[in-house]
**Student:** 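My questions all concern the structure below.
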Amino acid sequence: MFDTITLKTNIKIDHDLLLEYDKQPITYFDHDTGFHKPIYKIHDKYIPYIVYRELIQLLEIQISIPKFLFGNNVRLLKESDIPLFFQRLHQRLHELFNIHVRTENWYLSRIDVCWSFQVNDQVSEYIKQISRIQIPFMKAHTDGYLETVTHNNKSSRVTFYNKQKECIDHKEPREVIEQAQGLLRMEVSPSYKDMKKYSSKRLAIDLLTRDFFTYTTKRIIRHIKLPDSVEGLTIGWLQTHSHIIGQVERTLYWLYYRLQVNRI
């Protein structure tokens with residue numbers, strides 16, 4: 001459902017406490033204000049990316065929600081997991097900085113909408129066919145040997161890749177690699193504009209929802225142009241093989257079948 005997100009909020013953190021984590025923060029001189037701007041980078045084993053801009057009291061974190069909750073991002077997140085995520089996140093931030101953050105005060109600058117399709121031993125074939133699909137205003141390029149295909153422009157990105165291969169490259173535990181076998185992963189990174197269309201302030205409580213997940217995937221599917229036949233795989237063939245295709249409410253015509261939105 002969702003993977004990596006970048007959360008931001010304005011909150012005051014004690015100066016001396018910040019220095020305990022980063023004794024030599026990066027400092028920038030702002031010519032407009034005449035102030036030096038210290039930026040603290042804090043390393044934490046649970047939250048891998050924490051940045052604090054002291055002058056404007058801006059806290060920014062980047063985190064994979066499923067990795068934070070489950071230890072890996074092969075397991076798909078459910079909407080019911082979101083409250084638990086914020087509970088544990090706020091608990092950890094309180095342990096680190098002695099602060100209390102309200103869920104409604106977080107806003108997003110990045111959100112990766114994702115889904116995994118079980119296609120067994122046909123991951124490379126799917127990536128090959130997806131690389132030939134046309135998405136208006138986006139260019140497609142393939143990385144590796146049929147491992148990843150990305151459609152992107154300057155503001156947004158749609159990626160399909162071999163999840164098991166990624167787990168192997170990242171040296172994940174054997175059980176995680178086995179769980180990823182046969183998974184074709186889809187990740188959609190919507191633009192600022194798309195997020196603001198849905199939530200004018202890009203609030204996390206608005207965007208980390210099943211409705212935004214559906215909104216985002218439908219916007220992608222709507223722009224897909226799929227040929228009537230792609231190297232022997234016709235629309236009719238795909239429709240009759242529902243046990244292979246069946247799940248994002250009709251993804252890229254045929255992959256859209258595999259989403260099962262109502263089960264999220």
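Bear in mind the structure is a predicted one, so any value in this text is a computation, not a measurement. Just the heavy atoms: all of them, side chains too, but no hydrogens, waters or symmetry mates, feed the values below.
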**Student:** Decide if atom NE2 of H43 counts as having more than 12 heavy atoms of other residues, nucleotides or ligands within a radius under 6.0 Å.
**Tutor:** no
**Student:** Determine yes or no for a side-chain-to-main-chain donor-acceptor pair under 3.5 angstrom, with Y52 supplying the side chain and I13 the backbone.
**Tutor:** yes
**Student:** Does the pair T6 and E60 meet the rule for a side-chain contact (heavy atoms from CB on, under 4.5 Å), with working shown?
**Tutor:** CA-CA 7 Å; T6 300; E60 176 181 351; 3.5 Å; yes
**Student:** Taking the side chain as every heavy atom from C-beta outward, state whether Y161 and V123 have any pair of such atoms under 4.5 Å apart.
**Tutor:** no
**Student:** How many angstroms lie between OG1 in T216 and CE in M1, if you round to the nearest 0.5 Å?
**Tutor:** 10.0 Å
**Student:** Has the side chain of D194 got a donor or acceptor atom that lies under 3.5 Å from a matching backbone atom of K197?
**Tutor:** no
**Student:** Is the closest basic N to carboxylate O distance between D112 and R110 below 4.0 Å?
**Tutor:** yes
**Student:** So, T159 and E187: side-chain donor and acceptor under 3.5 Å apart, yes or no?
**Tutor:** no
**Student:** Decide if atom CD of E175 counts as having more than 12 heavy atoms of other residues, nucleotides or ligands within a radius under 6.0 Å.
**Tutor:** yes
**Student:** Does Y46 have more than 12 heavy atoms from other residues, nucleotides or ligands lying within 6.0 Å of its OH?
**Tutor:** no
**Student:** Please determine whether side-chain contact (heavy atoms from CB on, under 4.5 Å) holds for the pair N98 and L93, giving the CA-CA distance in whole Å, both sets of side-chain angles, and the decisive distance to 0.1 Å.
**Tutor:** CA-CA 7 Å; N98 194 29; L93 291 174; over 6 Å; no
**Student:** Could you please spell out the steps behind the side-chain contact (heavy atoms from CB on, under 4.5 Å) verdict for I65 and I5?
**Tutor:** CA-CA 7 Å; I65 303 177; I5 60 173; 3.7 Å; yes
**Student:** Could you check if a side-chain atom of N152 sits within less than 4.5 angstrom of a side-chain atom of H141, using non-hydrogen atoms only?
**Tutor:** yes
**Student:** Any side-chain donor-acceptor pair under 3.5 Å between N153 and S156?
**Tutor:** yes
**Student:** Do L208 and L203 belong together in a cluster built from hydrophobic side chains that touch within less than 4.5 Å?
**Tutor:** no
**Student:** Measure from NZ or CZ of R202 to the centre of the six-membered ring of Y107 and say whether it is under 6.0 Å with the direction within 45° of the ring axis.
**Tutor:** no
**Student:** Which heavy-atom pair separates F117 from M186 by the least distance, and what is that distance?
**Tutor:** CE1-CB, 3.7 Å
**Student:** For a quick test of reading the model, state the closest non-hydrogen atom pair linking A180 to Q164 and the distance between them.
**Tutor:** O-CB, 3.4 Å
**Student:** Can you name the salt bridge (Lys or Arg N to Asp or Glu O under 4.0 Å) partners of E54, sequence neighbours left out?
**Tutor:** none
**Student:** V119, V158: one ILVMFWY side-chain cluster at the under-4.5 Å cut-off?
**Tutor:** yes
**Student:** Closer than 3.5 angstrom, by distance alone: can the side chain of Y215 be matched with the main-chain N or O of L207 as a donor-acceptor pair?
**Tutor:** no
**Student:** Could you report the tightest heavy-atom contact between R185 and L76, atom names first, then the distance?
**Tutor:** NH1-CD2, 4.0 Å
**Student:** Just by distance, do the side chain of T214 and the backbone of R210 share a donor-acceptor pair under 3.5 Å?
**Tutor:** yes
**Student:** Measuring from I111:CD1 to D3:CG, what's the distance to the nearest 0.5 Å?
**Tutor:** 10.5 Å
**Student:** Within the distance-only criterion (no hydrogens, no angle test), does the side chain of S199 pair as donor or acceptor with the backbone N or O of D206 below 3.5 angstrom?
**Tutor:** no
**Student:** Is there a donor-acceptor contact under 3.5 Å from the side chain of N120 to the main chain of Q122?
**Tutor:** no
**Student:** Could you walk me through whether F86 and V101 pass side-chain contact (heavy atoms from CB on, under 4.5 Å), step by step?
**Tutor:** CA-CA 9 Å; F86 279 115; V101 185; over 6 Å; no
**Student:** If I take atom CH2 from residue W115 and atom CG from residue L184, how far apart are they, to the nearest 0.5 angstrom?
**Tutor:** 13.0 Å
**Student:** Test of understanding: clusters of I, L, V, M, F, W, Y form through side-chain heavy atoms closer than 4.5 Å, transitively. Do L59 and L17 belong to the same one?
**Tutor:** yes
**Student:** If hydrophobic clusters are built by linking Ile, Leu, Val, Met, Phe, Trp and Tyr wherever their side-chain heavy atoms come under 4.5 Å apart, do L77 and F213 end up in the same one?
**Tutor:** yes
**Student:** Do you reckon I11 sits in the same ILVMFWY cluster as I63, going by side-chain contacts under 4.5 Å, direct or chained?
**Tutor:** yes
**Student:** Against Y40, only a single residue in V51, L19, I50 fulfils side chain to side chain contact (heavy atoms under 4.5 Å, CB included); can you say which?
**Tutor:** L19
**Student:** Do you see a donor-acceptor pair shorter than 3.5 Å between the side chains of S64 and N73?
**Tutor:** no
**Student:** Applying the side chain to side chain contact (heavy atoms under 4.5 Å, CB included) test to L89, which of L7, L84, T103 qualifies?
**Tutor:** L7
**Student:** Any luck finding a side-chain donor-acceptor pair between S189 and R157 under 3.5 Å?
**Tutor:** yes
**Student:** Kindly give the heavy-atom pair with the smallest separation between S109 and K8, and that separation in Å.
**Tutor:** OG-CE, 3.6 Å
**Student:** Look up atom CG in L69 and atom CD in Q87, then write down how far apart they are to the nearest 0.5 Å.
**Tutor:** 10.0 Å
**Student:** Is the H90 ring parallel, tilted or perpendicular to the W106 ring (thresholds 30°, 60°)?
**Tutor:** parallel
**Student:** Taking all non-hydrogen atoms of both residues, which atom of F212 and which atom of P190 are closest, and how far apart?
**Tutor:** CZ-CG, 4.1 Å
**Student:** I want to check something: taking the side chain as every heavy atom from C-beta on, are L183 and Q118 in contact at a cut-off of under 4.5 Å?
**Tutor:** yes
**Student:** Can any side-chain N or O of N10 pair as donor or acceptor with the backbone N or O of I56 at less than 3.5 Å?
**Tutor:** yes
**Student:** Measure up the F68 and F85 rings against each other and bin them: parallel (under 30°), tilted (30 to 60°), perpendicular (over 60°).
**Tutor:** perpendicular
**Student:** Are N162 and T148 close enough that some pair of their side-chain heavy atoms sits under 4.5 Å apart?
**Tutor:** no
**Student:** Which heavy atom of E147 sits nearest a heavy atom of I127, and at what distance?
**Tutor:** O-CD1, 3.2 Å
**Student:** Assess whether atom CD of Q181 is packed by more than 12 heavy atoms of other residues, nucleotides or ligands within 6.0 Å.
**Tutor:** no
